[in-house]
2 protein chains.
Amino acid sequence: MLTELEGAILSEVFYRGRQTAFQVRRSFADSPSLEWKGSAGAVYPAVKRLEQAGLLAASATGDGRSTKLLSVTAAGRVAMLAWACDPERAVSTGIDPLRMRSGIWLQLSEKKRRKVLMDVRDALLQSIASLQTYARKKDTIERASVDLAARLQQVRLAWVDELLGSMPAEP
Amino acid sequence: MLTELEGAILSEVFYRGRQTAFQVRRSFADSPSLEWKGSAGAVYPAVKRLEQAGLLAASATGDGRSTKLLSVTAAGRVAMLAWACDPERAVSTGIDPLRMRSGIWLQLSEKKRRKVLMDVRDALLQSIASLQTYARKKDTIERASVDLAARLQQVRLAWVDELLGSMPAEP
DNA sequence: TTACTCATGTAACAAGTTACATGATTTA
DNA sequence: TAAATCATGTAACTTGTTACATGAGTAA
């Protein structure tokens with residue numbers, strides 16, 4: 001079964017037309033999500049795994065730069081679609097750092113709670129702004145996913161605002 | 001800096017009154033999120049790390065079962081709060097498997113897209129139902145985080161419904 | 001020619017996973 | 001007494017991270 005990174009690499013090559021591992025890497029690094037850093041130590045071994053599994057094909061260009069052009073094989077396309085269309089994996093909530101912490105915040109003193117919530121609120125606003133800026137530059141495929149990310153951040157923001165609203169007025 | 005698992009372990013022991021590593025483990029395993037399996041190979045080494053860092057204290061009970069009671073030290077409490085209240089880490093979007101796949105779905109043929117979206121819709125409805133069932137059994141601290149999880153799933157559901165709604169009517 | 005970008009890769013490490021080993025206690 | 005549960009732990013493996021090494025092409 002494909003890892004999330006492997007699935008993402010296949011879809012970058014197939015739909016987004018990334019040709020080299022380096023371009024795939026950079027597109028992860030540029031993306032505003034902190035999911036992956038697009039680190040060489042992750043991407044190159046993952047590409048090698050995909051090649052060995054016959055899901056990616058690589059061909060040298062002979063440009064002196066040891067550049068290899070990647071393409072998704074027929075088997076790779078099948079594997080990618082199976083990965084993308086598995087509903088169980090698609091709806092898992094993933095690791096949500098905010099959710100992990102939310103219970104603790106409720107236990108803090110009023111003063112500390114207010115400070116954390118305000119800080120988180122600011123960070124969320126900034127995150128939403130940068131997602132929207134990023135979405136404007138991108139193609140339809142990526143815009144869909146960034147839009148969803150922004151919407152989810154807006155729900156988190158609303159949740160934080162509710163908590164702030166339910167607190168007694170500041171002295 | 002604490003990992004997500006380490007932070008979660010500290011808060012389980014401190015706020016939720018888990019006394020043994022086994023109980024911490026089980027509460028992760030019982031939780032509806034697929035984040036962690038609460039695997040022994042993750043929890044016991046993490047507890048050991050926290051002990052060695054002076055953030056958790058363990059005392060044998062002498063019940064013949066080699067049971068060790070855990071407690072959060074003063075330093076552990078400080079580290080836990082720093083972990084919980086870091087806004088940057090709290091608002092990172094994490095890994096959202098649905099978002100990873102959403103771009104691909106838009107490229108599918110109408111028939112396939114409709115099928116995937118319907119499957120995902122069903123899975124989301126089930127996920128929301130099980131989150132709500134789970135929340136009912138739990139204390140305030142966990143209910144807060146499960147409620148948020150349910151709300152985020154509802155946004156994903158609304159998003160899927162929008163995509164379905166924007167598709168041409170079935171023949 | 002110096003610095004930056006393009007491009008691939010490895011090494012050491014971190015921190016999860018599954019599967020297994022071990023043994024006490026409780027329950028059917 | 002057999003099976004399930006409580007309880008701790010290790011070993012092999014997977015897959016990410018950072019940091020480094022290497023080298024070609026390009027722009028100041």
Side-chain angles (χ1 to χ4, degrees), chain A residues 1-10 12-13 18-31 33-53 55-70 83 89 92 94-95 97 100, chain B residues 1-10 12-13 18-31 33-53 55-70 83 89 92 94-95 97 100:
Chain A
M1 212 174 37
L2 296 181
T3 65
E4 292 296 293
L5 178 60
E6 288 165 351
I9 288 173
L10 285 178
E12 284 285 320
V13 175
R18 305 298 175 198
Q19 299 181 313
T20 69
F22 185 82
Q23 288 172 339
V24 170
R25 210 155 103 54
R26 194 174 42 189
S27 89
F28 291 148
D30 287 350
S31 115
S33 60
L34 302 175
E35 294 158 345
W36 304 301
K37 327 279 169 153
S39 49
V43 173
Y44 287 109
V47 166
K48 193 189 270 183
R49 285 197 299 275
L50 292 169
E51 279 182 59
Q52 280 167 353
L55 308 181
L56 271 184
S59 59
T61 52
D63 69 345
R65 251 188 203 185
S66 70
T67 307
K68 285 199 287 185
L69 294 182
L70 300 174
W83 168 81
R89 291 191 70 180
S92 105
I95 290 186
M100 298 282 313
Chain B
M1 213 175 32
L2 297 181
T3 64
E4 292 297 293
L5 178 59
E6 287 165 350
I9 288 173
L10 286 178
E12 283 287 320
V13 175
R18 306 295 176 201
Q19 296 180 314
T20 70
F22 185 82
Q23 289 173 339
V24 171
R25 212 154 103 54
R26 194 174 42 189
S27 87
F28 290 148
D30 288 350
S31 114
S33 59
L34 301 176
E35 294 157 343
W36 302 302
K37 327 278 170 156
S39 50
V43 173
Y44 288 109
V47 166
K48 192 189 267 182
R49 285 199 299 275
L50 292 168
E51 279 184 58
Q52 280 168 353
L55 307 181
L56 271 184
S59 59
T61 53
D63 70 346
R65 249 187 205 185
S66 70
T67 307
K68 284 199 287 183
L69 295 181
L70 299 174
W83 168 80
R89 291 190 69 180
S92 106
I95 290 185
M100 298 282 315

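These figures come from a predicted structure and were not determined experimentally. Note on naming: letters A, B, ... go to the chains in the order of the sequence lines (proteins, then strands), and numbering restarts at 1 for each one.
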Nearest whole Å is fine: how far is [N] [atom2] from [X] [atom1]?
X     : N      : atom1 : atom2 : result
A/E6  : D/dT15 : CD    : P     : 6 Å
A/Y44 : D/dT15 : OH    : C1'   : 18 Å
A/M1  : C/dT18 : CE    : C1'   : 13 Å
B/L69 : D/dT8  : CG    : P     : 9 Å
A/E4  : D/dT14 : CD    : P     : 18 Å
B/R18 : D/dT8  : CZ    : P     : 14 Å
B/F22 : D/dT8  : CZ    : C1'   : 10 Å
A/R65 : C/dT8  : CZ    : P     : 10 Å

Before you tell me yes or no, could you show the steps for A/M100 and B/W83 under side-chain contact (heavy atoms from CB on, under 4.5 Å), namely the whole-Å CA-CA distance, both residues' side-chain angles and the distance that decides it to 0.1 Å? CA-CA 10 Å; A/M100 298 282 313; B/W83 168 80; 4.2 Å; yes

Could you walk me through whether B/V47 and B/V24 pass the side-chain contact (heavy atoms from CB on, under 4.5 Å) test, one step at a time? CA-CA 10 Å; B/V47 166; B/V24 171; over 6 Å; no

Please determine whether a side-chain nitrogen or oxygen atom of [X] lies at a distance below 4.0 Å from atom OP1 or OP2 of [N].
X     : N      : answer
B/R25 : D/dA7  : no
A/R49 : D/dT15 : yes
A/R26 : C/dC6  : yes
B/T3  : C/dG16 : yes
B/K48 : D/dT8  : no

Rounded to the nearest 0.5 Å, how far does CH2 of A/W36 lie from CD of A/E4? 6.0 Å

As a test of reading the structure: which of D/dT17, D/dT8, C/dT8 is closest to the side chain of A/W36, going by heavy atoms?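 The answer is D/dT17, which lies nearest to the side chain.
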
Checking all strands, does B/A21 fall into the base, sugar-phosphate, or nothing category for heavy-atom contacts under 4.0 angstrom? sugar-phosphate

Using a 4.0 Å heavy-atom cut-off across all strands, classify A/S39 as base, sugar-phosphate, or nothing.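 A/S39: base contact, heavy atoms under 4.0 Å.
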
Can you name the nearest heavy-atom pair linking A/A21 to A/V43, along with the distance? O-CG1, 4.0 Å

Do B/L55 and B/L2 pass the side-chain contact (heavy atoms from CB on, under 4.5 Å) test, and can you show the C-alpha distance, the side-chain angles, and the key distance before you say yes or no? CA-CA 10 Å; B/L55 307 181; B/L2 297 181; 3.8 Å; yes

